[in-house]
Amino acid sequence: MPAIEPGRDSGGPLVTISEQPQPAPKKTRPDPIDPGFHYHRLRKAVHATCVIIFFLLPLSNLMRVDIPRQRFYFFGYELWISEFAIIFYSMMFLMFVVAAMAIMWGRVYCGYLCPQMIFSEASIGLENWLRRTVNKYMNAGAKTRAVLSKVLFYLLSGAASVLLSFVFISYFVEPRDLLHRLMALDIKTAGGMAGATTTLLTLIDFLFVRLRFCTTVCPYGYLQGMLTDGHTLLVHYRDDGHECIECKKCLRVCHMGIDIRRSPYQIECVGCGECIEACNNILSRLGQPGLIHYVWGEKGERLGDGDKTWFQKIGLRDAKRVVLLLVLLFYGVGLFTALSMRNAVLVQVSPVRATLYRQGADGTVYNSFHLKAANRSSTQQTVVLGIEGLPGARFEGFENAVVVNAAQTQDFDFEIAASVAAGLAPGVNHFRLTSRVGNTTDSFDETFIMPFKDSK
Ligand code: SF4
Ligand code: SF4
């Protein structure tokens with residue numbers, strides 16, 4: 001084709017368009033985009049917090065079920081096993097918390113809070129770190145390095161098993177008592193044998209079981225699977241807009257060893273979000289958003305997309321979840337009320353009516369009562385009794401103050417005496433017995449029986 005010479009008629013400069021092929025436009029590298037939220041960092045921070053809480057709860061008596069003493073320590077309260085209301089509300093509250101978490105957020109508990117998951121990941125991380133460190137710093141054959149890193153791993157796992165078993169058993173036995181048994185290497189008593197068995201099981205778990213537990217025997221994992229529905233939060237691969245580049249990073253970071261692209265309903269998936277972050281990191285470098293997301297049900301919106309209200313944001317997406325939250329609130333309020341109404345010392349007074357009354361030689365009339373004072377606090381307490389509405393009556397044979405040591409119960413009969421001169425009516429006289437412990441007062445409606453006029 002001849003060259004075109006535009007502009008000739010107008011007298012302008014001659015411009016020639018060559019027949020040479022033009023170079024292909026240069027491909028520009030896409031601008032990277034923000035990879036988004038760091039789920040790995042969040043998980044590790046949550047794991048560290050959980051470990052601290054796991055150690056703190058029993059060792060500071062914040063939450064512990066002391067089986068030998070039959071006590072339930074709950075955030076400063078020393079509850080007796082007989083305090084049914086509080087224990088009932090605590091158990092129901094915790095049960096509904098677990099159910100609500102599973103229904104709304106799927107297996108987020110497994111991925112972020114479960115001790116089995118936390119310690120299994122820590123064990124895998126420790127083993128890998130030891131292998132790398134020995135390979136880096138030791139100048140020896142491959143076999144020697146492998147053996148050394150294994151020996152070190154077994155030794156450290158053994159020490160960690162003893163420590164973690166100690167903390168775990170502290171949830172059920174007084175920690176000082178437990179330490180004493182541990183120092184004496186007690187494996188003959190029931191407590192010692194329980195400690196040794198727990199340590200051995202923990203070690204086996206660290207060395208061989210680890211995350212296999214989650215996918216084979218964990219009942220909570222299966223329970224969560226049953227509780228999920230079409231609005232439950234899950235991790236989902238959606239190939240919308242652009243394609244997977246098959247880098248397989250999502251597979252490599254998955255500690256459960258699955259390919260999330262196959263299905264969001266794989267029993268192994270604990271919803272940790274590590275694959276989301278991995279895919280975001282890879283594709284953001286190509287200027288594309290990641291392909292794996294947290295979504296509200298398989299067909300639902302992505303986490304954070306289109307949620308306008310706070311209750312949608314936290315997963316309250318239908319009436320069922322609102323009802324669940326109300327039930328949770330009910331048990332929470334019940335627990336709070338039961339705790340706020342609780343007295344450190346339980347005082348109970350009841351009449352002993354094996355005989356209606358006893359009359360002394362001087363005509364004084366005696367009625368018997370039974371006192372039970374249970375001190376549920378950790379300090380000595382004094383119960384002071386008083387009589388109201390029974391003129392001339394007095395306690396007979398005991399001071400009106402009863403000292404009760406910490407965690408002990410005083411249980412005994414006493415008498416109230418009234419002389420005939422006091423002028424009480426024959427038959428039933430209503431009065432009130434009062435009790436005072438520190439600033440806490442209580443009263444009990446009682447009756448005092450006087451002889452009837454025709455009694456002999
Ligand atoms: S598939 Fe993703 S969310 Fe599920 S366990 Fe593996 S890394 Fe975690
Ligand atoms: S990380 Fe993302 S891009 Fe890579 S294989 Fe997985 S889904 Fe595909």
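Along the sequence shown, the residues carry numbers beginning at 1. Owing to the predicted nature of the structure, the values given are computational and were not obtained by experimental measurement.
- Between Met117 and Cys272 the shortest side-chain heavy-atom distance does not fall below 4.5 Å.
- Trp105 places a side-chain N or O within donor-acceptor distance of the main-chain N or O of Ile314, the cut-off being under 3.5 Å.
- At a threshold of 4.0 Å, the pair Glu274-Arg43 counts as salt-bridged, since one of the basic side-chain nitrogens sits closer than that to a carboxylate oxygen.
- With respect to Glu277 and Arg41, no salt bridge is recorded, no charged nitrogen being found less than 4.0 Å from a carboxylate O.
- Of the possible polar contacts, one joining the Gln410 side chain to the Val403 backbone as a donor-acceptor pair under 3.5 Å is found.
- Between the Arg238 side chain and the His293 main chain, no donor and acceptor come within less than 3.5 Å of each other.
- Residues satisfying the side-chain hydrogen bond (donor to acceptor under 3.5 Å, both in side chains) criterion with Arg212, sequence neighbours excluded, are absent altogether.
- For the salt bridge (charged side-chain N to carboxylate O under 4.0 Å, His left out) test, no residue two or more places apart in sequence or in another chain qualifies with Arg262.
- Here side chain to side chain donor-acceptor pair (under 3.5 Å) pairs that include residues 107-117, with residues two or more places apart or in two chains, are Tyr112-Tyr294, Gln116-Ser120, Gln116-Asp205.
- Arg210 and Ser123 form a side-chain donor-acceptor contact under 3.5 Å, judged by distance and modelled atom types alone.
- The list of side chain to side chain donor-acceptor pair (under 3.5 Å) pairs with a residue in residues 218-230, not counting sequence neighbours, reads Asp229-Thr232, Asp229-Lys320, Asp229-Arg321.
- A donor-acceptor pair under 3.5 Å is formed between the side chain of Gln266 and the backbone N or O of Ser263.
- By the side-chain hydrogen bond (donor to acceptor under 3.5 Å, both in side chains) test, Ser161 is found to be paired with no residue, residues two or more places apart in sequence or in another chain being considered.
- Although no hydrogens or angles enter the test, the distance criterion places no donor-acceptor pair under 3.5 Å between the side chain of Asp186 and the main chain of Arg181.
- Judged purely by distance below 3.5 Å, without hydrogens or angles, the side chains of Asn375 and Gln408 never pair a donor atom with an acceptor atom.
- When the shell of 6.0 Å around CZ of Phe172 is examined, it contains more than 12 heavy atoms from other residues, nucleotides or ligands.
- For the residue pair Asp411 / His370, a side-chain donor-acceptor distance below 3.5 Å is found, with atom types taken as modelled.
- Side-chain N/O atoms of Glu121 and His255 include a donor and acceptor closer than 3.5 Å.
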Side-chain donor-acceptor pairs under 3.5 Å in residues 190-200, sequence neighbours left out?
from: Thr197; atom 1: OG1; to: Met193; atom 2: O; distance (Å): 2.6
from: Thr198; atom 1: OG1; to: Ala194; atom 2: O; distance (Å): 2.6
from: Thr199; atom 1: OG1; to: Gly195; atom 2: O; distance (Å): 2.8

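- Ring orientation note: the planes of Phe72 and Phe74 are tilted relative to one another, at an angle of 30° to 60°.
- Judged by distance alone, with hydrogens and angles left aside, the side-chain atoms of Asn400 form no donor-acceptor pair with the main-chain N or O of Gly386 at under 3.5 Å.
- Listed for the His47 side chain is no donor-acceptor partner under 3.5 Å among the backbone atoms of Cys114.
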Is there a side-chain contact (heavy atoms from CB on, under 4.5 Å) between Ile282 and Ile245? Walk through the geometry before answering.
CA-CA 9 Å; Ile282 292 289; Ile245 60 169; 3.7 Å; yes

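- Between Arg436 and Val383, every side-chain heavy-atom pair lies at or beyond the 4.5 Å cut-off.
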His38/Lys44 under side-chain contact (heavy atoms from CB on, under 4.5 Å): CA gap, chis, key distance, verdict
CA-CA 10 Å; His38 295 284; Lys44 292 304 154 192; over 6 Å; no

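- Heavy-atom contacts from other residues, nucleotides or ligands closer than 6.0 Å to CZ of Phe412 number more than 12.
- Taking the ring centroids of Phe54 and Phe119, they lie under the 6.0 Å cut-off.
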